[in-house]
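Encoded as structure tokens, the structure appears first; notes follow it.
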Amino acid sequence: PFFLRSAWVTFQLATISTLIVLILAVPLAILLASVKSSLLRRTLSVAILLPMILNLLIQSYGWIILLGPAGVLNTSLRELGIISRPIMMLFNESGVLLGLIQTALPLAVFPILSAMRGVSTEHLEAASNLGASHWQCFFQVSLPLLKPGLISAGTIVFAYNASAFAIPLLLGG
């Protein structure tokens, strides 16, 4: 029973974190694809890749310092009078989920960006000229064309998160 529960929780966290990462990665990929300035595009790419440069232990300890019972977030909320007791954001599934999302986000942005570069602006202009709103253009034109990038990004992120060891150990206890 213990191992089955561990496998189930691992599958749940990997699935939820993959869905959240994909939802967050699409706007980032759109932003990167739409930036005209080469310097700004490089700066955004470095900012997205920065978590990949840092060691997972350093990232996890950063989350512990930020989210711990005596961490920066809880201390700030108590000093502002918003909370009276620390909120437990570590050593539970939400802390692990946050760590998984943060470390896997860069893995999803660039496959989606690659698929985004294949989306022709002519398709979007044609849909717009035929009366489609911005949201209709996104959901009926862009999203179906992004499907290969979304599938590859989702596969990479799910495999990465399902096999994660350090983050669940440090942030989940």
Side-chain angles (χ1 to χ4, degrees), residues 1-34 44-69 71-74 77 83 86-119 134-173:
F2 174 77
F3 293 111
L4 286 175
R5 182 174 179 335
S6 296
W8 175 247
V9 170
T10 299
F11 178 78
Q12 275 184 313
L13 287 173
T15 302
I16 293 168
S17 63
T18 300
L19 292 174
I20 294 171
V21 164
L22 290 176
I23 290 169
L24 295 173
V26 169
L28 282 173
I30 291 171
L31 177 67
L32 267 175
S34 65
L44 286 172
S45 295
V46 168
I48 291 169
L49 286 172
L50 195 60
M52 300 298 289
I53 297 169
L54 294 175
N55 186 313
L56 278 176
L57 292 173
I58 294 170
Q59 292 180 42
S60 297
Y61 281 118
W63 282 115
I64 290 170
I65 290 169
L66 185 69
L67 301 176
V72 175
L73 187 61
N74 271 320
L77 291 174
I83 60 172
I87 301 170
M88 283 306 296
M89 294 177 269
L90 289 179
F91 311 120
N92 55 31
E93 290 179 9
S94 60
V96 174
L97 191 61
L98 186 62
L100 291 174
I101 291 167
Q102 182 262 326
T103 56
L105 186 60
L107 298 173
V109 171
F110 293 101
I112 296 171
L113 177 62
S114 177
M116 177 107 22
R117 289 191 174 138
V119 175
H134 291 295
W135 289 107
Q136 287 174 323
C137 285
F138 176 73
F139 284 110
Q140 295 176 0
V141 178
S142 296
L143 209 54
L145 293 173
L146 293 178
K147 194 183 297 185
L150 290 169
I151 290 171
S152 63
T155 304
I156 292 167
V157 169
F158 182 83
Y160 179 80
N161 286 343
S163 64
F165 176 75
I167 294 168
L169 179 66
L170 293 171
L171 299 180

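The shortest non-hydrogen separation linking Val9 to Glu93 is CG1-OE2, 3.7 Å. Of all heavy-atom pairs spanning Ala25 and Leu105, the tightest one is N-CD1, 3.9 Å. Closest heavy-atom contact between Ser152 and Pro111: OG-CB, 3.6 Å. In terms of heavy-atom proximity, Met89 sits nearest to Ser94 at O-OG, 4.2 Å. Residues Leu113 and Ala29 come closest through the heavy atom pair CD1-O, 3.5 Å. Considering all non-hydrogen atoms of both residues, Val157 and Ala108 come closest at CG2-CB, 3.8 Å.
Residues Phe158 and Phe11 have side chains in contact (heavy-atom distance under 4.5 Å, counting atoms from C-beta outward). In this structure the side chain of Thr18 never reaches within 4.5 angstrom of the side chain of Thr155, judged on heavy atoms. Inter-residue side-chain proximity for Val26 and Leu150 is flagged as met; some heavy-atom pair is nearer than 4.5 Å. Contact annotation: the side chain of Val141 never approaches that of Gln136 to less than 4.5 Å [non-hydrogen atoms, C-beta and beyond].
Paired with Phe110 under the rule side chain to side chain contact (heavy atoms under 4.5 Å, CB included), one option of Leu28, Ile156, Ile48 passes, and it is Ile48.
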Could you pull out every donor-acceptor pair under 3.5 Å between side chains of residues 52-68 and any protein atom, sequence neighbours left out?
unit_1, atom_1, unit_2, atom_2, d
Asn55, OD1, Leu57, N, 2.8
Gln59, OE1, Gln102, NE2, 3.2
Gln59, NE2, Pro51, O, 2.4
Gln59, NE2, Leu54, O, 3.0
Ser60, OG, Leu56, O, 2.9
Trp63, NE1, Gln102, OE1, 3.0

- Task: Any chance you could lay out the side-chain contact (heavy atoms from CB on, under 4.5 Å) test for Ile30 and Phe138, step after step, and finish with the verdict?
- Result: CA-CA 11 Å; Ile30 291 171; Phe138 176 73; 3.8 Å; yes
- Would you check, one step at a time, whether the test side-chain contact (heavy atoms from CB on, under 4.5 Å) holds for Leu13 with Asn161? CA-CA 8 Å; Leu13 287 173; Asn161 286 343; over 6 Å; no
- Message: Please determine whether side-chain contact (heavy atoms from CB on, under 4.5 Å) holds for the pair Leu100 and Val21, giving the CA-CA distance in whole Å, both sets of side-chain angles, and the decisive distance to 0.1 Å.
- Response: CA-CA 9 Å; Leu100 291 174; Val21 164; over 6 Å; no
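If you take NZ on Lys147 and OG on Ser142, they are separated by 13.5 Å, rounding to the nearest 0.5 Å. Annotation: the span from Ser17 atom OG to Leu24 atom CG amounts to 11.0 Å, rounded to 0.5 Å.
Counting only distance, with no hydrogens or angles, the side chain of Asn74 and the backbone of Ile87 share a donor-acceptor pair below 3.5 Å. A donor-acceptor contact shorter than 3.5 Å links the side chain of Asn92 to the backbone of Gly95.
Taking the six-membered ring where tryptophan is involved, the planes of Trp135 and Phe139 are essentially parallel, since the angle between them stays under 30° and well short of 60°.
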